[in-house]
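Working notes, beginning with the structure itself.
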2 protein chains.
Amino acid sequence: MPELKLRQVSQLPPLQAIRVFEAVARHLSFTKAAGELGMTQAAASYQIKLLEERVGAPLFLRRPRQIVLTEAGQRMAPAVSEAFALLGGAYAAARSGADGVLCVSTLLTFASNWLAQHLGSFQVAHPSLAVRLDTSNRLVDFAREDIDIAIRSGGGNWPGVEVHKLFNADFTPMLSPKLAATIGGVNEPADLLRLPILDPGDVWWRDWFIAAGLPVEELAKRPGSSMGAQAYEANAAIAGQGVAIVTAALFKAELADGRLIQPFDLVGDDGHAYWLVYPQARRNVPKIRAFREWILAEIAGQ
Amino acid sequence: MPELKLRQVSQLPPLQAIRVFEAVARHLSFTKAAGELGMTQAAASYQIKLLEERVGAPLFLRRPRQIVLTEAGQRMAPAVSEAFALLGGAYAAARSGADGVLCVSTLLTFASNWLAQHLGSFQVAHPSLAVRLDTSNRLVDFAREDIDIAIRSGGGNWPGVEVHKLFNADFTPMLSPKLAATIGGVNEPADLLRLPILDPGDVWWRDWFIAAGLPVEELAKRPGSSMGAQAYEANAAIAGQGVAIVTAALFKAELADGRLIQPFDLVGDDGHAYWLVYPQARRNVPKIRAFREWILAEIAGQ
DNA sequence: ACGGCCCATAAGGAGGACTTATGCCTGAAC
DNA sequence: GTTCAGGCATAAGTCCTCCTTATGGGCCGT
């Protein structure tokens, strides 16, 4: 489509030449403008000549000691300067603005049971960074959602993204001390069979029963209600409605203050883990780097 | 100076990429924007990717059926569009504005004796073109004066400029009929010796005397006052103060209405001529082309 | 008169931008 | 459900723009 190209080209002059023109018009010197732009005087001369040919009129008068704007140049200079100021502003706004808000996509459970208690220290460390949490269990697609960084669980093998393991998604039974007391305490795995099991359809129960040497058939008999998220299941457990099977690392606070107890050291592990995930191409973006370094240090430090 | 370059580059993003971004943001389509810019979709994709890496954040979310601006993109788009509108306006203003005023540098004599009587028809033919006359006898330098086109006399061999011969700078004696009557009419060259000669030091007189077979020594005796310009000399002749030697083509009106008479057909010619002159590079600028075509037709037509 | 400053020009080279070709994904239509 | 079409991404290759180095010319100041 050569005619289209021609039309376009005639609509707008070469941008590089205009950028040079703007600098030259400000300095009224080819040499100084070239210096500001980080190129040689010859390059500036070349670009101005190009632009003058395109405009169809000289833009500068070459006087012995300095140059001055022609009438045409004077008409052009102010608007061009303003346009570049706008452009610079827009660019800076996009850059810094992008640095000012960090969009984190996270799993519901992780948000309520880990981030909620730790995020404060990140905010303190980076007061200029606003964090926007996007809570969902979908697998985020960085190309089609406005997300900077995500926390996911799974095998950790996703293409095109950088991953850091936070901790294993292990699992172990938990219940409220009050519920345990109703049967005189939970001392060995078999004791669990005398209590209601929240979401017995969860494969984690099956794995753990096998590991604990309990009969798996017990699970099938039970009435099940899938909770969907560990946080919900844990809440039910805290309320004393039954035994939950969850990731211990996410409930340190509940274990510490006695709302939940972990009766056995035995934990199941299906190889899944919690991961920090972000696009490879953006690994050096400051806010992403900041969040990464913070969360890894936080995890390692506890 | 690599660090200088770096500084500059980080100040402003690649302009070509921004131009593409502006179009894409308007169309919300890589393909359509590429079409408008006269390039392929792949090129647009490439430029956007470049810009996104530079900004440090995605600018568009790639949704299946269309793309949408990210937060960063939204911040950037309006100002960028405005900047390009400004740029386009400035460019158009310089272009069309430059087309609106034609600066003609001309010799005093040519201005008062030829242009004054013909310029009207040019104005009528090009009502949107304002003509600014710059009258001087200096040899204009297009590089350091704001001049579009010039009329000069001389040999016609100037470098870097396009030249068109208007008419020969021939010369012949002229005087007022009243003065001629004081000696009973001027019938042969020798009659001139009985009349005062304006500016006898002019080399034209010497050439013409030789061509007419008159003794050159006569000229040396005479008291001379250089007039500087044919127009002044002719005015003195019209006032009856003496005989002038001027270019006949420039005094057609005076000859026609009898203010001056040309007693002899004999004209001198030193090879000089009147020329239309302008920079080669600007030969196709509309206003320059218009003036050239008009003046050549006007000269040819009389 | 001579050196310095500044711009113009020519030749040459490095890198960027664009094109072509192809693949992938998704949504719509049959 | 399957195929088709629309739209973007990616890879490889080519061309050309833009910049650099080098040099010359004009004018000013000392």
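This is a predicted model, so every value here is computed, not measured. First the proteins, then the strands, lettered A, B, ... as listed; each starts at 1.
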- Item | A:A44 or A:P64, whichever maps to the more 5' nucleotide of DNA chain D |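 Nearest nucleotide further toward 5': that of A:A44.
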
- Message: Go nucleotide by nucleotide along DNA chain D from the 5' end; which of A:V20 and B:A42 gets its closest nucleotide reached first?
- Response: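 Its nucleotide being nearer the 5' end, the pick is B:A42.
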
Output the rounded distance in Å from [atom1] ([X]) to [atom2] ([N]).
| X | N | atom1 | atom2 | value |
| --- | --- | --- | --- | --- |
| A:R62 | C:dT9 | CZ | C1' | 13 Å |
| A:F30 | C:dT9 | CZ | P | 10 Å |
| B:L61 | D:dC8 | CG | C1' | 14 Å |
| B:Y46 | C:dA17 | OH | P | 5 Å |
| B:R63 | D:dA9 | CZ | P | 14 Å |
| B:Q16 | C:dG15 | CD | C1' | 15 Å |
| B:L50 | D:dA9 | CG | P | 13 Å |
| B:F142 | C:dA8 | CZ | P | 17 Å |

- Is the distance from OP1 or OP2 of C:dA8 to the nearest side-chain N or O of A:K49 less than 4.0 Å?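 Checking A:K49 against C:dA8: no side-chain N or O falls below 4.0 Å of OP1 or OP2.
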
- Do the side-chain N or O atoms of B:T31 get closer than 4.0 angstrom to the phosphate oxygens (OP1, OP2) of D:dC8? yes

- Any ion pair linking A:K32 and A:E36 (charged N to carboxylate O, less than 4.0 Å)?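 Result for this pair is no, no salt bridge flagged.
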
Indicate, with a heavy-atom threshold strictly under 4.0 Å, whether [X] touches base, sugar-phosphate, or nothing.
| X | answer |
| --- | --- |
| B:S45 | base |
| B:Q66 | nothing |
| B:T40 | base |

- Are B:T247 and B:Q230 close enough that a side-chain donor and a side-chain acceptor fall under 3.5 Å? yes

- Verify the distance criterion only: is there a donor paired with an acceptor across the side chains of B:R19 and B:Q16 at less than 3.5 Å?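 Judged by distance alone, the side chains do pair up.
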
- Query: Does the base of C:dA17 carry an N or O that pairs as donor and acceptor with the side chain of B:Q47 under 3.5 Å?
  - Reply: no

- Please work out which of the three classes, parallel, tilted or perpendicular, describes the rings of A:Y274 and A:F167, given edges at 30° and 60°.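 Ring orientation, 0 to 90° scale: tilted.
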
- Residue of the set B:E162, B:H164, B:R289 for which side chain to side chain donor-acceptor pair (under 3.5 Å) holds with B:Y278: B:H164

